Amino acid sequence: MTAHPQGHPRPWALLAELTHGCPLHCPYCSNPLQLTRRSRELTGEEWERVLRQAAELGVVHTHLSGGEPLLRRDLEVIVAAAASAGLYTQLVTSGVGLDEARLTALTGAGLHSVQLSVQHADPGASDRIAGHRSFAAKERAAALVREAGLPLGVNVVLHRDNLDALDPLIELAVAWGADRVELANTQFYGWALRNRAALLPTREQLARAREGVARWREKLGGRTELVWVLPDYFEGVAKPCMGGWGAVSLTVAPDGTVLPCPAAAALPGLDPPNVRDHALEWIWDHSAAFNRYRGEEWMAEPCRSCSHRAEDFGGCRCQAYALTGDAARTDPACALSPDHGLIRSLTGPAPAAEPPPPGYTYRGYGRG
Amino acid sequence: MTAPAAWRPALAPAVHLRHDRVREVDLLVMPERVVVLRGTAGTVLRLCDGGRDLDTIVAELAERFPGAPVATDVPAFLDRMHEEGWIR
Ligand code: SF4
Ligand code: SF4
């Protein structure tokens, strides 16, 4: 890590979780198990200040996310604040609540792009996975975004229930006019870890999907960008989580808590700072939470002496904690981790007669 | 692609060219991606406003950077940017 004259290398991206409220209940939601109540959310003026500070700190992109950010009645004000701070502003939405008037107001406020989630290509299956009738709203939202001329990304979290629908999912995203399709294999912490037995795919499903992606890449010839987020449970390699702890991005949770990674809220003793108490620059440079797993000092073996440590940073801290109880251990997804058996035992060859997967625990308030 | 002479390059609508005052570099910013521009790439792209054609861009740069291999490097660079889809 090269030292920056002003401190640590500056972050490029801010994930602004404007609310944990959401009409959907996806069983893999990346929000924490303990959802923040709406009454504790930052105000519009507080977000304005945070976004200005982020731009001054060096942030270039902001993703206005949730929950469902459209539930914020003052979203237009927040978008305007982000755009006037000079940030490239993307709305990350389920599509529910995005009608023509709302999109016109957001575009007028300076919104640059939209990322829309879809759960399955089949409307009924999509609604079932989301735990809410939402497919029709998504379809309408995609059409509106295209009409408004904004770049559209479609995000699909992949798991056992939709990996076999990869072809129709890509067809759907292309038909909706997506410039970019993010095929994100489920990362297992928080709600997804709770639902792991229902969501974990088989090796065969993943192998077929991987081939499918290669086929589609050739067919689309770069017209639509396909991004395949690796299923780290199956690869035997740790993912370079967040590009390193406190290295490229930061997350501000609905109540102003600032985290190096959206899942880090679950780490015990992290004592994350809050924008209500400190400026973002101090938080980035000096808070204990942001320095805790920065660089390589904190690493134990096998990472400490491993030649891959500058590429993957020892993997994901939240996954290490979720599976071993110690966030400073090597990510068990790595085949070199002494804890890799925890994952191998789940992803090894399937037994001859597999029991049917259990149902979902849908995300929601007070269900964590 | 060999660019037709009448080509008037312009940034693609989703792509923003901006100067980063914190890092003191020019950037191309688009959804989910930032490209850090080296050297005079930002200067060249600033001329791609959809009004100037390729010859005009080359001539202006040749005047600004006398002795630089502008006539060969600039069209090649813009071809690459076009292939990436960042200008059209
Ligand atoms: S993953 Fe689903 S439940 Fe979670 S915020 Fe997104 S749309 Fe809402
Ligand atoms: S041992 Fe650590 S640094 Fe080496 S590959 Fe595994 S996770 Fe990465």
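Order of the sequence lines fixes the chain letters, A, B, ..., with proteins taken first and strands second; residue numbering starts at 1 for each chain. Quick caveat, the model's predicted, so the values are computed rather than measured.
- With salt bridges taken as basic N to acidic carboxylate O contacts below 4.0 Å, none links B/Arg21 and A/Glu56.
- Here the shortest heavy-atom pairing between A/His61 and B/Met30 reads NE2-O, 2.6 Å.
- A donor-acceptor pair is defined here as one N or O able to donate and one able to accept, closer than 3.5 Å; such a pair exists between the side chain of B/Arg23 and the backbone of A/Gly58.
- Proximity to chain B (any heavy atom under 4.5 Å) is restricted, for A/Leu57, to the backbone atoms N, CA, C and O.
- Counted within 6.0 Å of CD on A/Glu100, heavy atoms from surrounding residues, nucleotides or ligands total 12 or fewer; the atom is thus considered open.
- Atom NE2 of A/His112 and atom NE2 of B/His16 lie 4.5 Å apart (nearest 0.5 Å).
- With a 4.5 Å cut-off on non-hydrogen atoms, A/Leu152 does not touch chain B at all.
- For the pair B/Pro31 and A/Tyr88, the tightest heavy-atom approach, listed with the atom from each and the gap, is CD-OH, 3.1 Å.
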For this session: Show the numbers, then the answer: is there a side chain to side chain contact (heavy atoms under 4.5 Å, CB included) between A/Gln90 and B/Glu32?
Result: CA-CA 9 Å; A/Gln90 169 159 276; B/Glu32 315 285 347; 2.6 Å; yes
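- A/Ala13 does not touch chain B: none of its heavy atoms, backbone or side chain, sits under 4.5 Å away.
- A donor-acceptor pair is defined here as one N or O able to donate and one able to accept, closer than 3.5 Å; such a pair exists between the side chain of B/Arg18 and the backbone of A/Gly86.
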For this session: Take B/Arg33 and A/Arg180 through the side chain to side chain contact (heavy atoms under 4.5 Å, CB included) test and state the conclusion after the steps.
Result: CA-CA 12 Å; B/Arg33 181 178 297 168; A/Arg180 184 175 194 276; over 6 Å; no
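- Nearest heavy atom pair, residue B/Asp20 against residue A/Val60, reads OD2-CG2, 4.1 Å.
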